[in-house]
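All residue numbers refer to positions in the sequence shown, counting from 1.
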Amino acid sequence: MRAAAAPPVPAPAVRPSPSAEQLASVERAIRRMRDHLGETQCLTDHAEAGLFSPFHFHRVFRSVTAVTPGRFLAALRMAEAQRMMIRGSPRVTDVCTAVGYASLGTFTTQFTRLVGMSPSRFKALVDRHGDRGIGELVDASGLAGTTGPTTPGRAAEITGRAGGTAPAGAALRDAVLFTGLFPHGVPQDLPVACAVTAATATVRLRPPGDAEHHVLAVCFDRATRVADALDDPAGARRSVATTRAPTHGSFRLRLRAPAPSDPPIVLALPLLLARDAEAPAPTAVAAKPG
């Protein structure tokens, strides 16, 4: 009896390229968000800057950035909050007000969810590890290559390789790749699976079942200081890649420089390694925030 053929691996869905008008609209709105970060902002403000009606602008913004205007603004605020703490702002309340939050509790909850740890833990880890190179931190953590805890019922492993451009003129062989599996096309909240590898190594991930996920990757030169990697609003010290995750088989990551329309990466990737390395028993980067 002939063996049944293996099912074909579905090709990742590709979003249509945005028009020049759509890109310009989104970038105008993002500039407005940045220029008024500490002020109350709403969809009407963003749409007015983008020169579209609110309904049409929301659809265009999401198609270009893979995230809603509200989520993008929250990421901008959390990225600025991190930079303020790295640069020495002594009080979380000052940071909270400066990035547009009236409630310290709301700010702390949002920061913890998006960054992966509380503001106080973030500041403490920056003070201890900010001057270390990312490569040194990865080597010392002993967590390189982890894909997250294995749980019963998980789907088969998927594998991928990265190509393209390393950041800041570095060679891929001298770079570190952080790869995560996310339910949305933006790295907000902790990944459901993750891997930390050399940029030229095979990435291995275990998706949780058959639900659709996105593979999102960030690449750093090993020599980049942790504080510099986090305090990088233009993305000059990183390259990024994203693709739809197959349910089985393999995927390819094409690393490139960040675009103005890319959502900020606020997940504190190097510090999550430091946090887990300091834990009594090492856990994966995808462990609960704290």
Side-chain angles (χ1 to χ4, degrees), residues 34 75-90 92 95 98-99 111-112 114-146 162 164-180 187 190-191 194-201 216-241 255-259 262-279 282 284-286 289-290:
R34 293 183 186 277
L76 286 175
R77 285 173 164 163
M78 292 303 110
E80 180 60 24
Q82 290 182 68
R83 288 193 289 273
M84 289 182 68
M85 284 188 273
I86 289 169
R87 294 169 184 172
S89 183
V92 175
V95 176
V99 298
F111 188 99
T112 302
L114 298 184
V115 177
M117 62 190 69
S118 67
S120 59
R121 189 73 181 276
F122 177 88
K123 188 71 171 78
L125 287 170
V126 167
D127 289 344
R128 288 199 292 274
H129 301 285
D131 287 334
R132 300 177 71 181
I134 289 178
E136 175 197 347
L137 190 59
V138 169
D139 294 343
S141 72
L143 297 174
T146 185
T165 306
L172 279 179
R173 65 177 178 275
D174 298 322
V176 175
L177 190 69
F178 293 80
T179 308
L190 292 168
C194 56
V196 183
T197 63
T200 54
L216 303 172
V218 188
C219 183
F220 298 101
D221 184 351
R222 286 179 55 87
T224 299
R225 292 171 64 246
V226 169
D228 291 337
L230 296 169
D231 183 9
D232 184 23
R237 296 184 177 90
R238 63 178 179 265
S239 53
V240 297
L255 293 163
R256 58 172 175 78
D262 285 331
I265 296 171
V266 295
L267 195 62
L269 295 168
L271 289 186
L272 288 170
L273 280 180
R275 181 202 65 181
D276 289 348
E278 291 182 358
V285 175

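Side-chain atoms of M78 and P264, non-hydrogen and from C-beta on, never get closer than 4.5 Å to each other. In this structure the side chain of T224 never reaches within 4.5 angstrom of the side chain of D232, judged on heavy atoms. Using a 4.5 Å heavy-atom cutoff, the side chains of L230 and R83 are not in contact. Using a 4.5 Å heavy-atom threshold, the side chains of P270 and H129 count as separate. Within the 4.5 Å cutoff, no side-chain heavy atoms of I134 are placed close to those of R237. In this structure, V266 and F111 have side chains that are not in contact, with every pair of non-hydrogen atoms separated by 4.5 Å or more.
Counting only distance, with no hydrogens or angles, the side chain of R275 and the backbone of G116 share a donor-acceptor pair below 3.5 Å. Listed for the S239 side chain is a donor-acceptor partner under 3.5 Å among the backbone atoms of T165.
Among all heavy-atom pairs drawn from A81 and V99, the shortest one is N-CG1, 3.9 Å. The two residues P191 and L267 come nearest to each other via the heavy atoms CD-CD2, 3.9 Å.
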Please test D262 against R238 for salt bridge (charged side-chain N to carboxylate O under 4.0 Å, His left out), starting from the C-alpha separation and ending with a verdict. CA-CA 12 Å; D262 285 331; R238 63 178 179 265; over 6 Å; no
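Here the CG atom belonging to D139 is positioned 4.0 Å from the CZ atom belonging to R222, to the nearest 0.5 angstrom.
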